[in-house]
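What follows is one structure encoded as structure tokens, with my remarks underneath.
Note on naming: letters A, B, ... go to the chains in the order of the sequence lines (proteins, then strands), and numbering restarts at 1 for each one.
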Amino acid sequence: MYDLFYLFIFIITFLRISRNKMYFKTRTHTCGELRESNIGENVVLNGWVDTRRDLGGLIFIDLRDRYGITQIVFEPNFSKEAHETASSLRSEFVISIEGKVRKRPEGTENPAISTGQIDVMVNKLIILNEAKTPPFPIKDDIDTSEDVRLKYRYLDLRRPALQQNILMRHKMYQLVRKYFDGNDFVEVETPVLMKSTPEGARDYLVPSRLHKGKFYALPQSPQQYKQLLMVSGLDRYFQIVKCFRDEDLRADRQPEFTQIDVEMSFIDQENIFEMVEGLMNILFREILNQKLSTPLPRLTFDQALEKYGSDKPDLRFNLEMVTLNHVFENTAFKVFQDHIKNKGIITGMVAPGCGDYTRNQLDIITDFVKKLGAGGLIWMRVKDNDLEAPIAKFLTDEEKKNLIQSLKAKPGDLIFILSGSRLKALSIMGSLRLEMARRLDLIKPDTAPKLLWVTDFPLFEWDEQTKRFYAMHHPFTSPRLEDVEYMETDPAKVRARAYDLVLNGTEIAGGSIRIHNADLQAKMFKTLGITEEEAEHKFGFLMNAFKFGAPPHGGIAFGFDRMAMIFAGESSIREVIAFPKTASAVSIMDDAPSTVDENQLKELHIKIR
RNA sequence: GGGGUCGUAGUUCAGUUGGUUAGAACGCCUGCCUGUCACGCAGGAAGUCGAGGGUUCGAGUCCCUUCGGCCCCGCCA
């Protein structure tokens, strides 16, 4: 009975399809597949019309699919009918053809494409779908504004370059899954609708229909769940997971992004490093075709800040910064004097060979640092036995000599000096360091990638506005055990068992060893000014879980999109995300976010104000 | 929230001190063309100069407001 029914449906469908001339044969090959070895074969190809070269009596079509391009040829004396139909073909028409693979005539081969030795003589053409002229050409290296590309993202994704990025990303997913599975990690999905936690980034909220006035939050990361999974005894967890943060966007920041989330039990920092380096080895080999030498270099947070002015230093070029406080210990120069007295810092950097920068160029650079909040920029041209600078007259010969020596400056170089509060002066010089690298073109396309660990982050961060300490990483991060004693006396001095993985000046992963001991966690909350009641209210379930036997544990989370961006050689994360949002968190293609029906709001007990 | 930059044909851009009918290239359309691959040749169509307001005899151009893209600071690991 049912069989008859399905047979009926099948016949109806078949009739409808054939009446619409939609019937076509399954392809025998892809458009990137045919070679000289296929010459003489009858083949079926399906794909898009890439380009059309209509010579009148002879029509060439480049047929494109994800796998490549094959040239197909329409000749009237081979198939008059196909040739006639072919004259109506236009860019991006979807077609199906049958034909015979031929060697191209001597001298007409196209070495630029892998199928360039052959073409396919078509004897049957079916137009599966016509297409409007696309708003931009479907080819690489196009010069089209990004908003147009985003509006027609499905067309943008037809371009080979973007498809390559998506395919590379796919390969990364597979390598990651295989690696962690091979190391006994369990992939677990954690909830997307969860409890809002006020610490950290702003949450995306989801109103509850069933519970008036209550909200879920989308996860900023599955942090607490993965720690609970350790309490559950899963021992090794990973997940490739979407995370959400309602903060302003950047070239490397989207409101929704993907993490590789990892957590392990009964381990210390070194075990995490080893596991991560194993993964990076594989990714470097399989994606970049490069051998990564491990163990990776490490810098402490303090070292990174002093030498590179950043907690995510780009080590692809040198331009190291040098702290100069010792040079100016007894200086008569008032600005330096004050900063030394106020526990500030004087930091210097040499711009090699830039001694010929004009006053105008130096003004532009001064303006650059001023925009970042610097009071001013001190510059000095290094001469054969002297320094030429506006402030030179305030310095003793001894100071000049020590300065040149400390910076290892040479005649013809330019010296930059910034002074001020430690964190600010160093990070502004760090920005100037990156700016000078751009100006001096120190990062070439073939410059080797540089991967390193940054360790020993401060546990706390002082916030001037609210006059309290915040957890730099998150409130479950363990202090270094030898620093626990300072938690009450001098919190700023406490270093965390936290670490970042930095690739080419971009943070691609960050993690920590967690607190698994209730007493230490209580101490942590106390330093953060979180009362017991607050802690109970915000993190009670986690605290409670820890009372039932929490193993020592720690983990790390990778910014998957950023990693993909760098591997793909792109400078925006949007180039490796299929459907990204603009800098104002809008999706131009589908017009999200959008207004909703008043009834929807009513159901959710929400009123717009 | 702040700073920078851009917005002119489908696309990428030019457009002088405010001056007649806003141009180019590519793309698109029509015709011709049997070995092209950036096909070629001939012809053609195509504009809310982001939007709104103002100054002016006259605004793509000057002024104000506003919207949008991109980058950066703040924010965010």
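The residue A:Glu146 sits close only to the backbone: its heavy atoms come under 4.0 Å of sugar-phosphate atoms, none of a base. Here A:Asn77 lies in heavy-atom contact (under 4.0 Å) with a base. Among the heavy atoms of the strands, none lies under 4.0 Å from A:Glu435. At the heavy-atom level, A:Asp311 lies under 4.0 Å from base atoms of the strands shown. Counting non-hydrogen atoms under 4.0 angstrom, A:Arg574 reaches the backbone sugars and phosphates but no base. Nucleic acid contact class of A:Gly373 (heavy atoms, under 4.0 Å, all strands): none. Residue contacts for A:Phe60: at a heavy-atom cut-off of 4.0 Å it reaches a base atom on one of the strands shown. Residue contacts for A:Asn110: at a heavy-atom cut-off of 4.0 Å it reaches a base atom on one of the strands shown.
Distance CZ (A:Arg102) to P (B:G35): 12 Å, rounded to an integer number of Å. Going from atom NZ of A:Lys139 over to atom P of B:U12 covers 14 Å, rounded to whole Å. With rounding to whole Å, A:Gln71 atom CD is found 11 Å from B:C39 atom P. Nucleotide B:A77 holds its P atom 11 Å from the CZ atom of A:Arg562, rounded to whole Å. If you measure from atom CE of A:Met121 to atom P of B:U34, you get 15 Å, rounded to the nearest angstrom. Atom CG in A:Asp54 sits about 10 Å away from atom P in B:U34, given to the nearest Å. Per the geometry, CZ belonging to A:Arg250 stands 8 Å off C1' belonging to B:G74, to the nearest Å. B:A38 atom C1' lies 15 Å from atom CG of A:Asp140, rounded to whole Å.
The side chain of A:Pro135 has B:G10 as its nearest neighbour among B:C71, B:G35, B:G10. Nearest nucleotide to the side chain of A:Leu55, out of B:U11, B:A77, B:U36: B:U36. Set against B:G74, B:C71, B:C29, the side chain of A:Arg52 has B:C29 as its closest nucleotide. When the nucleotides B:G69, B:U34, B:C75 are ranked by their closest atom to the side chain of A:Ile588, B:G69 comes out on top. Of all nucleotides listed (B:C70, B:U34, B:G69), B:U34 comes nearest to the side chain of A:Leu58. When distances are taken from the side chain of A:Thr133 to each of B:C75, B:C28, B:U11, the shortest belongs to B:C28. Relative to the side chain of A:Pro105, the nucleotides B:A77, B:C70, B:G35 differ in distance, and B:G35 lies closest. Nearest nucleotide to the A:Asp248 side chain, out of B:C75, B:C76, B:C37: B:C75. Checking B:G35, B:G69, B:A77 against the side-chain heavy atoms of A:Thr582 singles out B:G69 as nearest. Residue A:Asp147 places its side chain closer to B:G69 than to any other of B:G74, B:C72, B:G69.
Judged by Watson-Crick or G-U wobble contacts below 3.5 Å, the nucleotide B:U5 has B:G69 as its partner. Look at B:C26: its Watson-Crick or wobble partner, with both distances under 3.5 angstrom, is B:G10. When both pairing distances are held under 3.5 Å, B:U55 makes no Watson-Crick or G-U pair with any nucleotide shown. When both pairing distances are held under 3.5 Å, B:G31 makes a Watson-Crick or G-U pair with B:C41.
Other residues, nucleotides and ligands contribute over 12 non-hydrogen atoms within 6.0 Å of the NZ atom of A:Lys103. Within 6.0 Å of NZ on A:Lys538 lie more than 12 heavy atoms contributed by other residues, nucleotides or ligands. At most 12 heavy atoms of other shown residues, nucleotides or ligands fall within 6.0 angstrom of atom NZ in A:Lys307.
For the C1' atoms, the distance linking B:G47 with B:U55 amounts to 25 Å, nearest Å. One P atom belongs to B:A77, the other to B:C64, and the distance between them is 39 Å to the nearest Å. Across the P atoms, B:A22 and B:U34 are found 41 Å apart, a figure rounded to whole Å. Taking the C1' atoms as reference points, B:G10 lies 36 Å from B:G2, given to the whole Å. Comparing B:U66 with B:U30, their C1' atoms are spaced 43 Å from each other, to the whole Å. Remark: the separation of the P atoms in B:C62 and B:G15 is 12 Å, to the nearest Å. Using atom P as the reference point in both B:A45 and B:C13, the two lie 26 Å apart (nearest Å). A distance of about 14 Å separates the P atoms of B:U61 and B:U20, rounded to the whole Å.
A:Arg562 forms no cation-pi arrangement with A:Phe560, by the criterion of a distance under 6.0 Å to the ring centre and an angle within 45° of the ring axis.
Atom SG of residue A:Cys31 and atom CG of residue A:Asn46 lie 8.0 Å apart, to the nearest 0.5 angstrom. For the atom pair A:Met565 CE and A:Ile577 CD1, the distance stands at 10.0 Å (nearest 0.5 Å).
Screening A:Lys139, A:Arg64, A:Lys132 against A:Glu92 for a salt bridge (charged side-chain N to carboxylate O under 4.0 Å, His left out) leaves a single residue, A:Arg64.
The residue among A:Ser584 and A:Glu507 whose nearest nucleotide of RNA chain B is located toward the 5' end is A:Ser584. Closest-nucleotide positions on RNA chain B for A:Lys581 and A:Gly200 were compared, and the one nearer the 5' end corresponds to A:Lys581.
Taking 3.5 Å as the limit, the base of B:G27 and the side chain of A:Arg90 contain no donor-acceptor pair of atoms between them. In the interface, the side chain of A:Arg245 is not paired with the base of B:C75 through any donor and acceptor atom under 3.5 Å apart.
OP1 or OP2 of B:C39 sits under 4.0 Å from a side-chain N or O of A:Arg53. Remark: A:Ser221 is not in phosphate contact with B:A77, judged by side-chain N or O atoms under 4.0 Å from OP1 or OP2. OP1 or OP2 of B:C72 has not a single side-chain nitrogen or oxygen of A:Arg253 nearer than 4.0 Å.
Between A:Asp156 and A:Arg159 there is a salt bridge, with a side-chain nitrogen of the basic residue lying less than 4.0 Å from a carboxylate oxygen of the acidic one.
Between A:Phe273 and A:Trp453, the angle of the ring planes stays under 30°, which puts this pair in the parallel group of the 30/60° scheme.
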